[in-house]
Amino acid sequence: MIHAHVASVRRRNPEANPAQVVALLEREYLRVVAGTGGAVGAAAAAPAVGTGVATALTISDVATFFAASASFSLAVASVHGIQVDDVPRRTTLLLATILGESGVRMVGDSAQISAVHVGRAMLTRMPTGTIRAVNTTLTRRLVRTQATRHGGLALGRLAPFGIGAVIGLTGGRALGRTVVAGARAAFGPAPASFPAELEVVGPGGVARLERAPGPESAGTTAIREITEGPHRR
C-alpha cells in the first residue's frame, strides 16, 4: 500500500524527482494532521458535544496522527529504496521520527552509530537486540513527550468561539512538522534518482532486493536476495 501510494504520487507528478516527491509527501502529511486537528477542535467545542464525545474525538485524532505518521515515514523510506517488513524496525522508525531530531539522536547514541542519515543504518544494519533496547528507550521518551503535547492540545481544542479549531489546526501542524524534521534527520536528502531496486528488510534484519515499483505498477518482483544478519538465504 505504501509503495502504491508513492507510485500514485509519481503518476500525478510525472516530472517530479525524488526530492520533489518527498516534498509532496510532506505537504500531504501536514494537511492530514493539521486538517484532522482543526476538524476535531471545531467539533469538540460545539455546544451539542458532550465531554465523552469530545474525549472520543480526541482519541480518534491521536490515532489518526500515529497512523498518518507511520504511513509518511514508510513512504519516505520507500523513496529512499527501503521497505521495512520487520515490525520492530518499523517501530523504531516511527518512534524516532515522531520524536523528531531528538529521537534520531537517541537512536544514534543508543546504537553507537552516526546520527547522520541514521535511518538506513537502523533499518538495515542494527542487530535485533539493539533494536529492542532502542525501542524501549524511545517508548519511554514518547510517553512523556506525547502525553504533554497531546494533553495540552486536547484541552485547547475545547476552547469556544472557534478558538479550539485554530488550536487544533496549528497544534496538529506543529506536531507534524516535528515528524517531518525527524524523517529528514533520519534519511537525509532524497536520492538523486528513484531506486531500481528496494532493499526489503525482514525479521531479524535479513534483507533481500526486489524490483522497485514505478508509477506504472504498484507491485514488486523479487529478482535476487542478499544476506544480512544471522540468517542466510
Side-chain angles (χ1 to χ4, degrees), residues 1-3 5-6 22 25 29 33 59 62-151 175-176 178-188 195 197-210 212 220 222 225-233:
M1 291 175 62
I2 295 295
H3 299 314
H5 179 61
V6 173
V22 170
L25 291 170
Y29 166 68
V33 294
I59 293 172
V62 172
T64 299
F65 170 76
F66 278 100
S69 299
S71 297
F72 166 69
S73 57
L74 290 172
V76 174
S78 176
V79 175
H80 282 262
I82 302 174
Q83 172 178 309
V84 193
D85 288 345
D86 186 48
V87 174
R89 292 171 197 273
R90 284 207 303 263
T91 302
T92 305
L93 176 62
L94 176 60
L95 292 173
T97 51
I98 285 180
L99 287 169
E101 294 174 291
S102 64
V104 175
R105 285 195 299 271
M106 287 178 65
V107 173
D109 293 342
S110 299
Q112 296 182 337
I113 56 179
S114 171
V116 179
H117 310 172
V118 74
R120 183 174 293 274
M122 72 180 172
L123 295 178
T124 62
R125 294 199 296 274
M126 283 173 57
T128 302
T130 303
I131 287 286
R132 293 197 184 101
V134 167
N135 284 348
T136 300
T137 302
L138 291 176
T139 299
R140 292 195 188 108
R141 173 68 67 87
L142 184 75
V143 169
R144 290 196 299 268
T145 59
Q146 294 301 309
T148 301
R149 291 173 181 174
H150 282 285
L175 291 174
T178 299
V179 176
V180 169
R184 290 176 179 175
F187 290 103
E197 295 176 339
L198 286 170
E199 188 171 4
V200 184
V201 184
V206 179
R208 68 182 186 276
L209 296 181
E210 293 185 355
T220 59
E225 292 184 340
I226 60 175
T227 57
E228 191 165 306
H231 307 290
R232 290 188 172 276
R233 295 188 176 184

* Asked: So which heavy atom on V107 is nearest to which on A96, and how close?
  -> CG2-CB, 3.9 Å
* **Shortest non-hydrogen separation from A181 to E101 and the atoms involved** => O-CG, 3.9 Å
* To do: Please round to the nearest 0.5 Å and tell me the distance separating atom CD1 of I2 and atom NE2 of H5.
  => 7.5 Å
* **Shortest non-hydrogen contact from S69 toward V179** => OG-CG2, 3.9 Å
* **Side-chain donor/acceptor of S78 to backbone N/O of L74, under 3.5 Å** => no
* For the residue pair P195 and G81, what are the closest heavy atoms and their distance? -> CG-CA, 3.6 Å
* Could I get the full list of side chain to side chain donor-acceptor pair (under 3.5 Å) partners for T92, not counting sequence neighbours? => N135
* Side-chain heavy atoms of V22 within contact of R184, under 4.5 Å -> no
* To do: Could you check whether the rings of Y29 and F72 sit parallel, tilted or perpendicular, using 30° and 60° as the cut-offs?
  => parallel
* Asked: About how many Å separate CD1 of I98 and CG of L93, when rounded to the nearest 0.5 Å?
  -> 9.5 Å
* Can you tell me how far the OG1 atom of T139 sits from the CG atom of L95, to the nearest 0.5 Å? -> 4.5 Å
* Report yes if the side chains of I82 and F187 come closer than 4.5 Å at any heavy-atom pair, otherwise no. => yes
* Asked: Which heavy-atom pair separates A68 from V33 by the least distance, and what is that distance?
  -> CB-CG1, 4.2 Å
* **Shortest non-hydrogen contact between L25 and A75, atoms and distance** => CD1-CB, 3.9 Å
* Among R89, Q83, R90, find the one that has a side chain to side chain donor-acceptor pair (under 3.5 Å) with D86. => R89
